[in-house]
K.L.:
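Handing you a structure now.
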Protein chains: 2
Amino acid sequence: MPQTSSKKKISRNTISRLSLYLRELTRLEQDGKKAISSSDLAELTDLTDTQVRKDLSHFGQFGISGTGYEVSKLKEAVRNILGKDKVLDVILIGAGNLGMALLSYPAFREQGFSIKAAFDIDTRKIGNKTSEIEICDIEKVQEFLKKDKVKIALLAVPAFSAQKITDTLVNCGIRCILNFAPIVLRVPDEVVVSNVDLSKELEVLSYFLRTAE
Amino acid sequence: MPQTSSKKKISRNTISRLSLYLRELTRLEQDGKKAISSSDLAELTDLTDTQVRKDLSHFGQFGISGTGYEVSKLKEAVRNILGKDKVLDVILIGAGNLGMALLSYPAFREQGFSIKAAFDIDTRKIGNKTSEIEICDIEKVQEFLKKDKVKIALLAVPAFSAQKITDTLVNCGIRCILNFAPIVLRVPDEVVVSNVDLSKELEVLSYFLRTAE
DNA sequence: ACTTAATTGGGAAAAATTTCACAGATAGCA
DNA sequence: TGCTATCTGTGAAATTTTTCCCAATTAAGT
Ligand SMILES: NC(=O)c1ccc[n+]([C@@H]2O[C@H](COP(=O)([O-])OP(=O)(O)OC[C@H]3O[C@@H](n4cnc5c(N)ncnc54)[C@H](O)[C@@H]3O)[C@@H](O)[C@H]2O)c1
Ligand SMILES: NC(=O)c1ccc[n+]([C@@H]2O[C@H](COP(=O)([O-])OP(=O)(O)OC[C@H]3O[C@@H](n4cnc5c(N)ncnc54)[C@H](O)[C@@H]3O)[C@@H](O)[C@H]2O)c1
């Protein structure tokens, strides 16, 4: 309702596709490519040229009729749309098998995400250090968020404790959660959750495998 | 075009939601709940009651007017729709940080997925054993798939080698790929790919964080 | 047996998303 | 300069997805 900005609402799928464009544009720039057409970008992302143009058109005009898009200019534009002009700080909750994989994934930092802190409840893990990040006691997360206004949390704890932690995080100012636990989190309207649900993905594959036969 | 089965095409999103229903129904059954209404199931999955009923209606009539759904009956029905009446065999390609997390995740087996084999190219990893699964030389994957007709692969290799491995896997009969590498895979029409793209998810959160301000 | 309340299934309407189609812009070349 | 190729941006149309709505069904209470 209080849509502060003047823009119309953009769907999550549109934003997901922008992320794909950004990835390809980054590669193209590294490869020294100067210009690209919507149909070539569509080819790279397995979409259609009109889809590409329509997606971009929600945010402005970035191309030149007859010529296409300048790679580095479009890349910057998409980066800005996605809010990647600044480094994006995140915290990690749960340094188990999955959490540790996330912590030691160098591409996050390269892509402008910075894991500022990691928290766990297991005393055997607290104090360990990986990739410059020390794992802290989950009890300290409240205190941490009072000082460091991180807005995004990666949630990699077991399902049974995910909701409780979520409530704490939201209370401490977390506004976005990337949730790996197989549970539908309850959050206030202003908090955004993305779910990474591997069982769901496998079941989708299972369904299509079955129906293809 | 050659739509073998008589059914109309069901969207991926519908199937994703069925997976959510299945998860909740499984919990409800474990908790001893006998019956549930579409609106209660919607509440649990953060959807609407009409969405739940419409999704199910594509596959038959599972409820009783005025009463709702019998939990165990609906659970079985959804399980069958998703092809989970049989154990689903998968292989893992790439036993790095992420691959090892997948390998040691017990919930997959509990949910009817079975990792039959794991493959890597790194000689330091080949021969190691985790959760009863020995990591094999990737060179052996072709041979393995000749004997074991596994149809689903979890692909957790670096992006630069993902396409090449994919071509091999598809040649050897793999029909579904759960891809963790940040790349759009090229596959023939009959092969289904699901992408788990964490950077994409984070960028979606970044966008919504920015626009919420 | 009758009434009331709850609930499904599915056609119809509404909303959202994708695709179509084309005017207008640009570059290359004769 | 004029012609042709190409390509964008965007309303309009088509398609897909979601929501609305209600007749029909069931259970429970009186
Ligand atoms: N590992 C996988 O491949 C995989 C796949 C799909 C989904 N998941 C999901 O991801 C989540 C994490 O999986 P995992 O394999 O890393 O599990 P894990 O058990 O290895 O790690 C969970 C970690 O969370 C910590 N923890 C528990 N309660 C906590 C709390 N209240 N506060 C802070 N930390 C807490 C534990 O000490 C542990 O270190 C789970 O919800 C799991 O279902 C994992
Ligand atoms: N770790 C994360 O948190 C994370 C997050 C997002 C995406 N990803 C993606 O998931 C994939 C795996 O990530 P990771 O962190 O496990 O990387 P990793 O480097 O730890 O592991 C990759 C593994 O693949 C193996 N490999 C390389 N080429 C191979 C080949 N041709 N055949 C078989 N095995 C091969 C390597 O030996 C290594 O063991 C990557 O594409 C990465 O971009 C990882």
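Every heavy atom of this structure was used, including side-chain atoms; hydrogens, water molecules and symmetry mates were not. In what follows, every chain begins at residue 1, and chains take the letters A, B, ... in the order their sequences are listed.
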K.L.:
Listing time: all N or O pairs from protein to nucleotides 14-16 of chain C that are below 3.5 Å?
P.N.:
none

K.L.:
Less than 4.5 Å apart, any side-chain heavy atom of A:T26 and any of A:Q30?
P.N.:
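In short, these two side chains touch, coming nearer than 4.5 Å.
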
K.L.:
To the nearest Å, how far apart are A:L56 CG and D:dT8 P?
P.N.:
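Going from A:L56 (CG) to D:dT8 (P), I get 10 Å.
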
K.L.:
Among residues 41-50 of chain A, which ones have heavy-atom contacts with DNA chain C below 4.0 Å?
P.N.:
A:T48, A:T50

K.L.:
Under a 3.5 Å limit for both distances, which nucleotide forms a Watson-Crick or G-U wobble pair with D:dA13, could you say?
P.N.:
C:dT18

K.L.:
From CZ of B:F59 over to P of C:dG9, roughly how many Å is that when rounded to an integer?
P.N.:
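Result: 14 Å.
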
K.L.:
For B:K54 and D:dC21, give me the distance from atom NZ to atom C1', rounded to whole Å.
P.N.:
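Roughly 11 Å, once rounded to whole Å.
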
K.L.:
How many whole angstroms separate atom CG of B:D55 from atom C1' of D:dT18?
P.N.:
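It is 10 Å, rounded to the nearest whole Å.
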
K.L.:
Which glycosidic conformation, syn or anti, is assigned to D:dA5 if syn requires a torsion within 90° of zero?
P.N.:
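Judged by the O4'-C1' to base torsion, D:dA5 sits in syn, the angle falling within 90° of 0.
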
K.L.:
Ignoring hydrogens, what is the shortest heavy-atom contact between A:E201 and B:L178? Give both atom names and the distance.
P.N.:
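Shortest heavy-atom contact: CB-CD1, 3.6 Å.
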
K.L.:
Is A:E43 salt-bridged to B:R186, going by a charged N under 4.0 Å from an acidic O?
P.N.:
yes

K.L.:
Report, one pair per line, the protein and nucleotides 22-27 of chain C atoms (nitrogen or oxygen only) whose separation is under 3.5 Å.
P.N.:
{"unit_1": "C:dG24", "atom_1": "N2", "unit_2": "A:S65", "atom_2": "OG", "d": "3.1"}
{"unit_1": "C:dT26", "atom_1": "O4'", "unit_2": "A:S65", "atom_2": "O", "d": "2.9"}

K.L.:
Which of the following nucleotides, C:dT19, C:dG9, C:dT7, is nearest to the side chain of B:Q61?
P.N.:
C:dG9

K.L.:
Using whole Å, report how far CD of A:Q51 lies from P of D:dG9.
P.N.:
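Going from A:Q51 (CD) to D:dG9 (P), I get 15 Å.
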
K.L.:
Once you round it to whole Å, what is the distance between P of C:dA6 and CD1 of B:I36?
P.N.:
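That distance rounds to 17 Å.
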
K.L.:
Could you tell me if the side chain of A:R23 sits less than 4.5 Å from the side chain of B:D197, heavy atoms only?
P.N.:
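Side chain of B:D197 against side chain of A:R23, heavy atoms only: contact under 4.5 Å found.
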
K.L.:
For the residue pair A:L44 and A:L28, establish whether any side-chain heavy-atom pair is separated by less than 4.5 Å.
P.N.:
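A side-chain contact exists here, since the closest heavy-atom pair is under 4.5 Å.
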
K.L.:
Charged N to carboxylate O below 4.0 Å: is that the case for A:R79 and A:E76?
P.N.:
yes

K.L.:
I need the NE2-P distance between A:H58 and D:dG11, as an integer number of Å.
P.N.:
11 Å

K.L.:
B:Y69 side chain N/O closer than 4.0 Å to the phosphate oxygens (OP1, OP2) of D:dT26?
P.N.:
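Indeed not, no polar side-chain atom of B:Y69 lies that close.
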
K.L.:
Okay, side chain of A:S39, backbone of A:D49: is any donor-acceptor separation there less than 3.5 Å?
P.N.:
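Checking the backbone N and O of A:D49 against the side chain of A:S39, no donor-acceptor pair under 3.5 Å is found.
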
K.L.:
Name the residue closer to the 5' end of DNA chain C, choosing between A:N13 and B:S37 according to the nucleotide with the nearest heavy atom.
P.N.:
B:S37

K.L.:
Watson-Crick or G-U wobble partner for C:dT4, using a 3.5 Å limit on both distances?
P.N.:
D:dA27

K.L.:
Should the pair A:R27-A:D31 be classified as a salt bridge under the 4.0 Å nitrogen-to-oxygen rule?
P.N.:
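Not counted as a salt bridge, because no side-chain N and carboxylate O are separated by less than 4.0 Å.
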
K.L.:
Counting any heavy atom closer than 4.0 Å, what does B:R12 reach on the DNA or RNA strands: base, sugar-phosphate only, or nothing?
P.N.:
nothing

K.L.:
Taking B:D148 for the side chain and B:V150 for the main chain, is one N or O donor matched with an acceptor at less than 3.5 Å?
P.N.:
no

K.L.:
Give the minimum heavy-atom separation between A:F108 and A:L102, together with the two atoms involved.
P.N.:
CD1-O, 3.8 Å

K.L.:
What is the minimum heavy-atom distance between A:C176 and B:L205, and which atoms define it?
P.N.:
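Smallest heavy-atom distance, with atoms named: SG-O, 3.7 Å.
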
K.L.:
Expressed as a whole number of angstroms, how long is the span from A:F62:CZ to D:dT10:C1'?
P.N.:
15 Å

K.L.:
It should be established whether A:S38 places a side-chain nitrogen or oxygen under 4.0 Å from OP1 or OP2 of nucleotide D:dT8.
P.N.:
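True: A:S38 side-chain N/O within range (under 4.0 Å) of D:dT8 OP1/OP2.
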
K.L.:
Might you point out which heavy atoms bring B:D55 and B:T14 nearest each other, and give the distance in Å?
P.N.:
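For B:D55 and B:T14, the tightest heavy-atom pair comes out as OD1-CG2, 3.6 Å.
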
